[in-house]
Amino acid sequence: MALQAFYGSACCFHSHLLHSSSSTTASPPFLAARRFQSCPSRKSLKLNCSSSGNSDGQDYLLDAPVSVGDGFSFSGGKYSEGPSPSDEWFKQGKMVKAYSIPGTGEKAKDPIFGLAMGAGSQATGDRFRWFCVESGSADNPPVILIHGFPSQAYSYRKVLPVLSKDYHAIAFDWLGFGFSDKPQPRYGFDYTLDEYVSSLESLIDELGVTKVSIVVQGYFSPVVVKYASIHQDKLSNLILLNPPLTAQHAKLPSTLSMFSNFLLGEIFSQDPLRASDKALTSCGPYKMKEEDAMVYRRPYLTSGSSGFALNAISRNMSKDLKRYVEDMHRILKDKNWKVQTTICWGQRDRWLSYDGVEDFSKDSNHKLIEVPTAGHHVQEDCGEEVGQLICRIISRRTMI
């Protein structure tokens, strides 16, 4: 059944993203005329930080208390004395404990000097803490929104209010990202793809949802498909946003793979502009507004744990992504796959080529919807329209 194409308002990235070749005073003229196309089943950022209690113009928060950083942060993690967009986002969420912490409880040490790590790198309690943001009534059908690599639940901030009208929407930060726990590798969590599958199972069980629709973006798609293949009875819909579908997609772009390099990767991962800004903006044609960039940088400014987690994830992705993409390819084409699946593709993706995507959709008999104005992070570029798209997909499937 073809999904009818629809017009949205001009793609909302112009309200929080700036076109890389346009001024900030006007949106590109083609935006209002663009629309989502449904295909048949074929086919210079300035970081301003201030010193605490200091008005002499110093750039960084040099006298921050130990509690806000672990010694690897160069700014103490506070941008100014005023309200932080990151703090405002944090207030909207809550911590959910899920996935038991294995190991002996030994205190984590950094991999370079063997020094004791700060609290941000330590596993706490008996289960990991996941940052979750919920929107909408818990009595409504649940929709779980899963960000890609590297990103945060914050990328769904425009999607959540759209879904909240008719659904119980939940977005979370993966372990190693955003406000969720970031244990030092080898001290409770090694950031392998297999661990992410198991930990996702634990989180969804803890959230208490039964029949759920899942939306996942980017390089974490194979992890979610692996989970879904084990729990098909729990899923009513699966929506994949720019997933790595082909053999050409099974290799990380250099912007991400550089974090897997020995020593050099550790250095780059402690630079918020490389670890956050460049990783988020090099995959599409848009620049990010400063207040949004600040939210994504925050974990890398407050603790070295985010960078060390990034190293581990990049190394494991470089090693295992090919196998996981092949498994996803097989699962989605298997005749025993029963989950209603839709692929949404931002056509301005600079990391993943569109070549082969139509053929895959045709061969696997899954719906393909093109999003012409979006890059790799579809929900970041066109959040409100993606929210409307998700509603239409789920409601149609529900009526069927």
Heavy atoms from other residues, nucleotides or ligands near NZ of Lys333 exceed 12 (cutoff 6.0 Å) = yes

Determine whether Ile394 and Leu163 make a side-chain contact, defined as any pair of heavy atoms from C-beta on separated by less than 4.5 Å.
-> no

Could you please spell out the steps behind the side chain to side chain contact (heavy atoms under 4.5 Å, CB included) verdict for Val225 and Leu240?
-> CA-CA 9 Å; Val225 169; Leu240 307 174; 4.2 Å; yes

Backbone N/O of Gly284 and side chain of Arg350: donor-acceptor pair under 3.5 Å | yes

When the ring planes of Trp130 and Phe172 are compared, do they come out parallel, tilted or perpendicular, using 30° and 60° as the limits?
-> perpendicular

Not counting sequence neighbours, which residues clear side-chain hydrogen bond (donor to acceptor under 3.5 Å, both in side chains) with Trp337? List them please.
-> Thr341

Which of parallel (below 30°), tilted (30 to 60°) and perpendicular (above 60°) describes Tyr99 and Phe189?
-> perpendicular

Closest heavy-atom contact between Pro183 and Phe128?
-> CG-CE2, 3.5 Å

Less than 4.5 Å apart, any side-chain heavy atom of Tyr167 and any of Ser395?
-> yes

Asn336 CG to Ser229 OG distance, which is reported to the nearest 0.5 Å | 11.5 Å

Any side-chain heavy-atom pair of Leu310 and Phe268 under 4.5 Å | no

Do Arg330 and Glu326 sit within salt-bridge range, that is, some charged N less than 4.0 Å from a carboxylate O?
-> no

Does His147 use its side chain to pair, donor to acceptor, with the backbone of Ser155 at less than 3.5 Å?
-> no

Find out if a path of hydrophobic residues (ILVMFWY) with successive side-chain heavy-atom gaps under 4.5 Å connects Leu193 to Phe177.
-> yes

Is there a donor-acceptor contact under 3.5 Å from the side chain of Asn311 to the main chain of Phe259?
-> yes

Taking the six-membered ring of Tyr154 as reference, does the NZ or CZ atom of Arg157 fall below 6.0 Å from its centre and within a 45° cone about the axis?
-> yes

Interatomic spacing from CZ in Phe149 to OG in Ser221 - rounded to 0.5 Å = 13.5 Å

Between Gln379 and Leu241, is any pair of side-chain heavy atoms under 4.5 Å apart?
-> yes

Report yes if the side chains of Pro222 and Asp327 come closer than 4.5 Å at any heavy-atom pair, otherwise no.
-> no

Kindly compute the distance separating NZ (Lys158) from CG (Leu160), expressed to the nearest 0.5 Å.
-> 12.0 Å

Quick one: does Lys211's side chain have a donor or acceptor within less than 3.5 Å of a partner on Asp233's backbone?
-> yes

For the pair Asp173 and Ser180, evaluate side-chain hydrogen bond (donor to acceptor under 3.5 Å, both in side chains) and give the outcome as yes or no after the intermediate values.
-> CA-CA 6 Å; Asp173 289 330; Ser180 290; 4.6 Å; no

Looking only at heavy atoms, which two atoms of Pro285 and Gly375 are closest? And how far apart?
-> CD-CA, 4.3 Å

Would a hydrophobic clustering, with Ile, Leu, Val, Met, Phe, Trp and Tyr connected at side-chain separations under 4.5 Å, put Leu145 with Val162?
-> no

With a 4.5 Å heavy-atom cut-off, do Tyr219 and Leu256 have their side chains touching?
-> yes

Out of curiosity, Glu88 CD to Glu291 CD, how far, rounded to the nearest 0.5 Å?
-> 12.5 Å

Counting distance only, does the side-chain N/O of Ser151 pair as donor-acceptor with the main-chain N or O of Gly148 below 3.5 Å?
-> no

In this structure, are over 12 heavy atoms from other groups packed under 6.0 Å from Lys94 atom NZ?
-> no

Test: Arg392 and Glu385 ion pair at under 4.0 Å = no

How long is the span from the OG atom in Ser202 to the CG atom in Leu207, to the nearest 0.5 Å?
-> 9.5 Å

Kindly give the heavy-atom pair with the smallest separation between Gly188 and Ile101, and that separation in Å.
-> CA-CG2, 4.3 Å

Show the numbers, then the answer: is there a side chain to side chain contact (heavy atoms under 4.5 Å, CB included) between Trp351 and Thr255?
-> CA-CA 9 Å; Trp351 282 351; Thr255 310; 4.1 Å; yes

Main-chain N/O of Ser353 paired to His249 side chain as donor or acceptor, under 3.5 Å = yes

Without swapping roles, check the side chain of Asn261 against the backbone of Leu264 for a donor-acceptor pair under 3.5 Å.
-> no

Quick one: does Tyr300's side chain have a donor or acceptor within less than 3.5 Å of a partner on Asp271's backbone?
-> no

Identify whether the distance between the nearest side-chain nitrogen and carboxylate oxygen of Lys226 and Glu201 falls below 4.0 Å.
-> no

With a 4.5 Å heavy-atom cut-off, do Pro243 and Ile343 have their side chains touching?
-> yes

Passes salt bridge (charged side-chain N to carboxylate O under 4.0 Å, His left out), Lys289 versus Glu380? Steps please.
-> CA-CA 11 Å; Lys289 290 185 68 175; Glu380 178 69 49; over 6 Å; no

Flag the pair Asp126 and Lys97 as a salt bridge only when some basic side-chain nitrogen lies within less than 4.0 angstrom of an acidic carboxylate oxygen.
-> no

Non-hydrogen atoms of Ser361 and Leu368 that approach each other most closely = OG-CB, 3.6 Å

Counting only heavy atoms not in Lys234, do more than 12 fall under 6.0 Å of its NZ?
-> yes

Could you tell me whether the side chain of Leu200 reaches within less than 4.5 Å of the side chain of Ile146, counting heavy atoms only?
-> yes

Closest approach of Gln347 and Pro372, non-hydrogen atoms and distance?
-> OE1-CA, 3.8 Å

Trp345 vs Glu358, side chain to side chain contact (heavy atoms under 4.5 Å, CB included): CA-CA, chis, key distance, verdict | CA-CA 10 Å; Trp345 199 270; Glu358 284 186 280; over 6 Å; no

Is a side-chain N or O of Glu195 found less than 3.5 angstrom from the main chain of Tyr191, in a donor-acceptor match?
-> yes

d(Lys287 NZ, Thr281 OG1) to nearest 0.5 Å is 9.0 Å

Non-hydrogen atoms of Asp277 and Ala293 that approach each other most closely = OD2-CB, 4.1 Å

Kindly state whether the ring of His377 and the ring of Tyr286 have centres lying under 6.0 angstrom apart.
-> no

Cluster link Ile331 to Val357, ILVMFWY, side chain under 4.5 Å | yes

Glu206 side chain to Leu203 main-chain N or O, any donor-acceptor pair under 3.5 Å?
-> no

Assess whether side chain to side chain contact (heavy atoms under 4.5 Å, CB included) is satisfied between Ile214 and Ile204, documenting all intermediate values.
-> CA-CA 11 Å; Ile214 293 182; Ile204 291 178; 4.1 Å; yes

For Gln92, check side-chain contact (heavy atoms from CB on, under 4.5 Å) against everything at least two apart and list the hits.
-> Trp89, Val133

